[in-house]
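Below is one structure, written out as structure tokens; the observations come after it.
We name chains A, B, ... by the order of the sequence lines, and we start the count at 1 in each one.
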2 protein chains.
Amino acid sequence: MFFLKELPTQAMITRYSDEFCPDQSQQIAQRLEGLREYSSLIRKLDDYFASHGLSQLRFLILMAIDRELDREWLYASELVSRLDVSKPVLSRAVKKLVEDALLCAKKDKEDGRAVTLALTKKSEALLKSILSGYFDILTTSPNLE
Amino acid sequence: MFFLKELPTQAMITRYSDEFCPDQSQQIAQRLEGLREYSSLIRKLDDYFASHGLSQLRFLILMAIDRELDREWLYASELVSRLDVSKPVLSRAVKKLVEDALLCAKKDKEDGRAVTLALTKKSEALLKSILSGYFDILTTSPNLE
DNA sequence: AAAATCTAGTTACCATGGTAACTAGTTTTT
DNA sequence: AAAAACTAGTTACCATGGTAACTAGATTTT
């Protein structure tokens, strides 16, 4: 997450960057502006997900399973390889999704260690109901062209 | 933080967005790409700060004080209004910075509640030593024009 | 000037990210 | 087939974000 409310003015950036990388102060300003815009977009998405009992991670777990074309389920380990998140964090998130009846976990028959994770009626309906708002937020963020 | 390792293909996005907002799938793809690029940039910055005993927040606190033109110090409450962070989080970060001799805290003479926060020799030197690398990371991130 | 309100900063607690180290099942080596 | 190595998932612990509620000093109301 990025925190600056007021970005440094071009003059401020120049004051610093002239010493280290003159002629790049404009690019630095652009990059900082981009960081702020995208951080703000991430916050908006987080708020939106929270208003539907989800989070960025919970949403992405559901989407990753839903978008799988040839199967109805994924192993937790497959989710780890698809999402940029650590195993323990995924494990905990999955546990809560199962408790909330948003995921259906079943022991795999072939591999005694593995668990298959599938969407439930509830999470299918939830995804359907929130995707429209999700796309709205993505497409209506200001200052990002 | 954003987690998708492999972004959905344009075909996947179309599969979803056609139902809700046809003709916007390309914009959605762009926005997701931007989110991923900036998340990756934020991770790079975090790693860089961590390698110098800092964090995004700790760095921004020091910068906010350093960039103040007419004063050598700020109140904690001023930092809260300049950085997009909650009071308790700032309070804790400041406490640690003082312990690490990167901030000098003094009771304000006029206002018995307030504390003035100034840089130390150590943090001034630290800022000088890391700014160059910071600008490098900002200006050399790929895929962001 | 006493009461009420506001403000600076902290404490307590919760959520969610991380790594290291563990259990237990599977696969590979020898 | 026993040992070693690998893999799936969890547990324990730490870091850092959040809100609510607190203390204490300053200010405003009455």
Side-chain angles (χ1 to χ4, degrees), chain A residues 1-5 39-40 42-61 73-100 102-103 105-117, chain B residues 1-5 39-40 42-61 73-100 102-103 105-117:
Chain A
M1 193 64 69
F2 195 64
F3 307 94
L4 270 185
K5 271 187 194 162
S39 297
S40 151
I42 290 169
R43 289 216 167 177
K44 276 183 216 157
L45 289 173
D46 282 342
D47 290 348
Y48 178 68
F49 290 136
S51 74
H52 290 85
L54 291 180
S55 67
Q56 184 85 240
L57 177 57
R58 282 161 69 91
F59 171 75
L60 288 175
I61 289 170
W73 51 268
L74 287 177
Y75 293 123
S77 56
E78 293 177 308
L79 285 168
V80 166
S81 70
R82 279 163 176 71
L83 309 182
D84 192 11
V85 76
S86 64
K87 266 196 305 182
V89 169
L90 185 104
S91 174
R92 196 171 35 190
V94 163
K95 193 178 167 193
K96 283 186 194 159
L97 285 168
V98 171
E99 284 168 10
D100 295 349
L102 294 170
L103 277 186
K106 280 185 191 159
K107 281 220 152 201
D108 190 60
K109 280 139 199 163
E110 276 112 58
D111 191 331
R113 300 163 300 178
V115 175
T116 64
L117 299 167
Chain B
M1 193 64 68
F2 195 65
F3 308 94
L4 269 185
K5 271 186 193 161
S39 298
S40 151
I42 289 170
R43 288 215 168 176
K44 276 183 217 159
L45 289 173
D46 281 343
D47 289 348
Y48 180 68
F49 290 137
S51 74
H52 290 85
L54 291 179
S55 67
Q56 184 87 240
L57 177 57
R58 282 160 69 91
F59 172 74
L60 288 175
I61 289 170
W73 51 268
L74 288 177
Y75 293 124
S77 56
E78 293 177 309
L79 285 169
V80 167
S81 70
R82 279 165 177 70
L83 309 183
D84 191 14
V85 76
S86 64
K87 267 197 303 182
V89 169
L90 185 104
S91 175
R92 197 172 35 189
V94 162
K95 193 179 169 192
K96 283 185 194 160
L97 285 168
V98 171
E99 284 168 10
D100 295 348
L102 294 170
L103 277 186
K106 281 185 191 160
K107 282 220 151 201
D108 190 60
K109 280 139 198 162
E110 276 113 56
D111 190 331
R113 301 163 299 178
V115 175
T116 63
L117 300 168

Subject >> Donor-acceptor under 3.5 Å (A:Asp111 side chain, A:Arg113 main chain) >> reply: yes
Original post:
Side chains of B:Gln56 and B:Phe49: does their closest heavy-atom pair fall under 4.5 Å?
Top reply: yes
Subject >> Rounded distance in Å - NZ (B:Lys109) to C1' (D:dG25) >> reply: 18 Å
**OP:** Determine whether A:Val89 and A:Ser86 make a side-chain contact, defined as any pair of heavy atoms from C-beta on separated by less than 4.5 Å.
**Re:** yes
**OP:** Starting at CZ of A:Arg92, measure out to CG of A:Leu97 and round the result to the nearest 0.5 Å.
**Re:** 12.5 Å
Subject >> Given D:dG18, C:dG9, D:dA8, the nucleotide with the shortest approach to the side chain of B:Ala114 >> reply: C:dG9
Heteroatom pairs (N/O) under 3.5 angstrom, protein to nucleotides 11-16 of chain D:
unit_1 : atom_1 : unit_2  : atom_2 : d
D:dT16 : OP2    : B:Lys96 : NZ     : 3.1

**OP:** Nearest 0.5 Å please: distance from the CG atom of A:Leu4 over to the OG atom of A:Ser39.
**Re:** 10.0 Å
Subject >> Base of D:dT7 paired with side chain of A:Arg113 (donor-acceptor, under 3.5 Å) >> reply: yes
Original post:
Is any side-chain N or O of A:Ser77 closer than 4.0 Å to OP1 or OP2 of D:dT7?
Top reply: no
Original post:
Contact class for A:Val80 vs. all strands (heavy atom < 4.0 Å): base, sugar-phosphate, or nothing?
Top reply: nothing
Original post:
So which one's nearest nucleotide on DNA chain D is more toward 5', B:Ser86 or A:Val94?
Top reply: A:Val94
Original post:
Is there side-chain contact between A:Val98 and A:Leu103, with at least one heavy-atom pair below 4.5 Å?
Top reply: yes
**OP:** Using whole Å, report how far CG of A:Leu90 lies from P of D:dT7.
**Re:** 18 Å
Original post:
Expressed in angstrom and rounded to an integer, what is the separation of A:Leu79 atom CG from D:dG9 atom P?
Top reply: 9 Å
**OP:** Send over the distance from B:Leu97 CG to C:dG9 P, rounded to a whole Å.
**Re:** 15 Å
Subject >> Nearest-angstrom distance from the residue atom CD of B:Glu110 to P of C:dT7 >> reply: 18 Å
Original post:
To the nearest angstrom, how far is B:Phe49 atom CZ from D:dG17 atom P?
Top reply: 13 Å
Subject >> Separation of D:dG9 P from A:Leu103 CG (nearest whole Å) >> reply: 13 Å
Subject >> Nearest-angstrom distance from the residue atom CG of B:Asp46 to P of D:dG17 >> reply: 9 Å
Original post:
Does the side chain of B:Arg58 come within less than 4.5 Å of B:Asp100's, by heavy atoms?
Top reply: yes
